[in-house]
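Let me begin by presenting the structure, written as C-alpha cells, before commenting on it.
Letters A, B, ... mirror the listed sequences (proteins, then strands); counts begin at 1. Reckoned from all heavy atoms, side chains included, excluding hydrogens, waters and symmetry mates.
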Protein chains: 2
Amino acid sequence: MSENELNTEQLILKAARKVFTHKGFDGTRMQDIADEAGINKALLHYYFRSKDKLFEAIFTDVIRTFFPQLVQVLTADADLFEKIRLFADKYISILAANPDIAGFVFHEISVNPHRLVGNIRGIGVNTDIIKKHLDHEIAAGRIKPIKMEHFIANLVSMCVFPFIAKPVLMGIMQMDNPAFEQFIEERKQLVPEIIINSIRL
Amino acid sequence: MSENELNTEQLILKAARKVFTHKGFDGTRMQDIADEAGINKALLHYYFRSKDKLFEAIFTDVIRTFFPQLVQVLTADADLFEKIRLFADKYISILAANPDIAGFVFHEISVNPHRLVGNIRGIGVNTDIIKKHLDHEIAAGRIKPIKMEHFIANLVSMCVFPFIAKPVLMGIMQMDNPAFEQFIEERKQLVPEIIINSIRL
DNA sequence: AAAAGATTTAACCATTTGGTTAAACTAACG
DNA sequence: CGTTAGTTTAACCAAATGGTTAAATCTTTT
C-alpha cells in the first residue's frame with residue numbers, strides 16, 4: 001500500500017461523502033459513488049461491505065468532525081459575548097466551506113432518528129456548562145434572563161438555516177453565488193450582534 | 001362518485017402527503033403510499049400516472065398552501081412590528097401543525113433545485129414591498145438600518161429551524177414531546193421580541 | 001523471478017421498485 | 001335487467017439497484 005497521493009479507501013470516502021451529503025442516503029446510488037471516485041462498483045463493496053456501512057462511516061465522520069468543535073467553543077472558559085462571536089464565526093465558516101452538511105445531517109436524522117443514538121449521544125453534548133454560564137451571568141445581573149434552550153436555538157438557527165435554505169433564499173432574493181457568499185460573510189458579524197443584543201441589559 | 005367521506009383521490013393525496021413529507025421523494029415507495037391509504041398500488045397509477053406526477057401534486061400543493069399566507073402577512077399594509085409578531089405567530093403555528101413540511105420542502109429543493117422554477121417562482125414572492133417598508137422605516141429614523149435579506153433570513157431562521165432540527169434539539173436538550181411543544185409555544189413571543197429588539201433604536 | 005497476498009475488474013445474481021395489463025367489480029342508466 | 005362507463009384489484013413485467021464471484025492484475029516477499 002504505497003502512499004501515492006490518496007489511497008483508494010480515502011478516495012472512496014471522499015467521493016461517498018460528496019454524493020451522500022448532496023443527495024442523501026436514499027437518493028444515492030452505489031454507482032454514483034463509484035463514478036465520482038472513478039472506480040468499479042465492486043471495489044466499494046471490497047472496502048466497505050455495504051451501502052449502510054459506507055454511509056455509517058461518512059455520517060459518523062461528519063458528526064464527529066463538526067459537533068465537537070462547536071461544543072468546545074460554547075463550553076470553553078471565556079467571556080460569554082466573546083464565545084458567541086467565536087461560535088458564530090466558526091460555525092458559519094465551517095458551513096461555508098461545507099454547504100451541504102447541515103441539510104444532510106438534519107435530514108438523515110429526521111428520516112431515521114435512531115441514528116442519533118450511536119453518534120450524537122456518543123459525543124455527549126454538554127448543555128449543562130452552557131446553562132450554568134448563562135444562569136451565572138443572569139444571576140450576576142449582567143444579561144437579561146433567557147432559557148438556555150432558546151439561546152442555543154436562536155444562535156444555531158441564524159447560523160445554520162441560511163445554508164439549509166440556500167437555493168430558496170438565492171431564488172427569492174435573486175442572489176447569485178458571489179452575492180450569497182457576501183451575504184454569509186456579513187452574517188458572521190450580524191448574528192452575534194443580534195444574539196448579544198437580545199440578552200444585553 | 002358518491003361523496004362518502006373522503007373520495008379515493010383525496011385519500012391518496014392525504015396518504016401521499018404524509019409519506020412524502022416524512023420520508024422525502026427518494027425515501028418513499030409507491031407501496032408505502034398504497035399501504036398508508038389502504039388501497040392497491042395500481043390504483044395510485046390510475047389516479048396519478050407516475051410517482052413524479054403524484055409528487056408534483058403534493059409538492060405544489062404544499063408550496064401553494066403555505067407560502068402565500070406568509071408572504072401576505074409580510075406584504076400587508078400594517079405596522080412593521082405588528083407584522084413581525086403576526087408573521088412569527090402564523091408561521092410557527094403552521095409548522096407546529098405540520099412539523100414535517102419545512103424539512104421536506106428545503107430538502108427536496110436542495111436535492112432538485114429545478115423544482116423551484118415551476119413552483120416558488122410561479123408564486124412570485126414579492127420582496128420589494130418588504131424592502132420598501134423596511135427602507136421607509138429606516139429613512140424615517142424609526143428603526144436601525146438593516147438589509148432586507150438579513151431581516152428576512154433572521155426572522156425565518158428562528159421560526160423554521162427548530163422544526164428542521166427537532167429530533168436533534170429534543171435529543172440534546174433532553175426534551176420530550178410536550179416539552180418541545182411548550183418550547184415552540186414560547187417562541188411565538190420570543191422570536192418577534194428578538195427581531196424587533198434587533199432593529200429598534 | 002516465482003510464490004503469496006492484496007487490489008481491481010467484468011460479469012453475474014436476487015431483490016426491489018415503478019409501472020402495466022387484463023380481468024373483476026360497482027354504479028348509473030336506458 | 002342488461003349494457004356501459006368508471007373503479008379496483010391481482011398478477012405480471014422490465015429496469016434499476018445492492019451485492020457477489022471468480023478471474024485478472026499489481027505488490028511484496030523470498
Check this one for me: any side-chain N or O of A:Y46 less than 4.0 Å away from OP1 or OP2 of C:dT8?
no
Listed by chain and number, what are the side chain to side chain contact (heavy atoms under 4.5 Å, CB included) partners of A:D128, not counting sequence neighbours?
A:N126
Applying side-chain hydrogen bond (donor to acceptor under 3.5 Å, both in side chains) to A:Q182 and not counting sequence neighbours gives A:E186
Report the distance from atom CD1 of B:I33 to atom C1' of C:dG18, rounded to the nearest whole Å.
11 Å
Parallel, tilted or perpendicular: which fits the ring planes of B:F183 and B:F180, with parallel below 30° and perpendicular above 60°?
tilted
Give each protein N/O atom lying under 3.5 Å from an N/O atom of nucleotides 10-14 of chain C, with the pair distance.
| unit_1 | atom_1 | unit_2 | atom_2 | d |
| --- | --- | --- | --- | --- |
| C:dA10 | OP2 | A:N40 | ND2 | 3.1 |
| C:dA10 | N7 | A:N40 | ND2 | 3.4 |

Nearest whole Å is fine: how far is D:dG18 P from A:F48 CZ?
16 Å
Between CZ of A:R49 and P of D:dT20 the distance, given in whole Å, is 9 Å
Distance-only check: which donor-acceptor pairs under 3.5 Å involve side-chain atoms of residues 191-201 of chain B, not counting sequence neighbours?
| unit_1 | atom_1 | unit_2 | atom_2 | d |
| --- | --- | --- | --- | --- |
| B:N197 | ND2 | A:N197 | O | 3.0 |
| B:S198 | OG | B:I195 | O | 2.6 |

side-chain hydrogen bond (donor to acceptor under 3.5 Å, both in side chains) filter on A:E36, not counting sequence neighbours, yields A:K18
B:L43 has a side chain; which of D:dG19, D:dT9, C:dT8 sits nearest to it?
D:dT9
Taking only residues two or more places apart in sequence or in another chain, which ones pass side chain to side chain contact (heavy atoms under 4.5 Å, CB included) with A:S50?
A:D52, A:K53
Less than 6.0 angstrom separating the ring centers of B:F20 and B:F104, yes or no?
no
Do any side-chain nitrogens or oxygens of B:T8 fall under 4.0 Å of OP1 or OP2 in D:dT7?
no
Among D:dG18, C:dT9, C:dA6, the one nearest any side-chain atom of A:K51 is D:dG18
Provide, to the nearest angstrom, the distance between the CG atom belonging to B:N7 and the C1' atom belonging to D:dG6.
13 Å
With B:K131, which residues qualify under side-chain hydrogen bond (donor to acceptor under 3.5 Å, both in side chains), at least two apart?
B:D135
Who pairs with B:K188 by salt bridge (Lys or Arg N to Asp or Glu O under 4.0 Å), at least two apart in sequence or on another chain?
B:E185
If you look only at distance, which donor and acceptor atoms sit under 3.5 Å apart when one is on a side chain in residues 27-34 of chain B and the other is two or more places apart or in another chain?
| unit_1 | atom_1 | unit_2 | atom_2 | d |
| --- | --- | --- | --- | --- |
| B:T28 | OG1 | B:G24 | O | 2.7 |
| B:R29 | NH2 | B:D26 | O | 2.5 |
| B:Q31 | NE2 | B:D35 | OD1 | 2.9 |
| B:D32 | OD2 | B:R29 | N | 3.1 |

Interface residues of residues 13-31 of chain A with DNA chain C (non-hydrogen, below 4.0 angstrom):
none
Rounded to the nearest Å, what distance is computed from the CG atom of residue B:L44 to the C1' atom of nucleotide D:dT7?
14 Å
Nucleotide D:dA16, atom P - distance to CG of A:D32 in whole Å:
13 Å
With a 4.0 Å cut-off on heavy atoms, is B:Y47 in touch with a base, just the backbone sugar-phosphate, or nothing at all?
sugar-phosphate
Would you say A:F48 and A:I58 make side-chain contact, with heavy atoms under 4.5 Å?
no
Anything under 3.5 Å between a protein N or O and an N or O of nucleotides 22-24 of chain C, put it in a table, one pair a line.
none

Rounded off to whole Å, could you give me the NE2-to-P distance for the B:H45 and D:dC12 pair?
19 Å
Could you give the side-chain donor-acceptor pairs of residues 75-83 of chain B under 3.5 Å, partners two or more places apart or in another chain?
| unit_1 | atom_1 | unit_2 | atom_2 | d |
| --- | --- | --- | --- | --- |
| B:T75 | OG1 | B:V71 | O | 2.8 |
| B:T75 | OG1 | B:Q72 | O | 3.4 |
| B:D79 | OD2 | B:F81 | N | 3.3 |
| B:D79 | OD2 | B:E82 | N | 3.2 |
| B:E82 | OE1 | B:R85 | NH1 | 3.0 |
| B:K83 | NZ | B:L74 | O | 2.9 |
| B:K83 | NZ | B:A76 | O | 3.0 |
| B:K83 | NZ | B:H133 | ND1 | 2.7 |

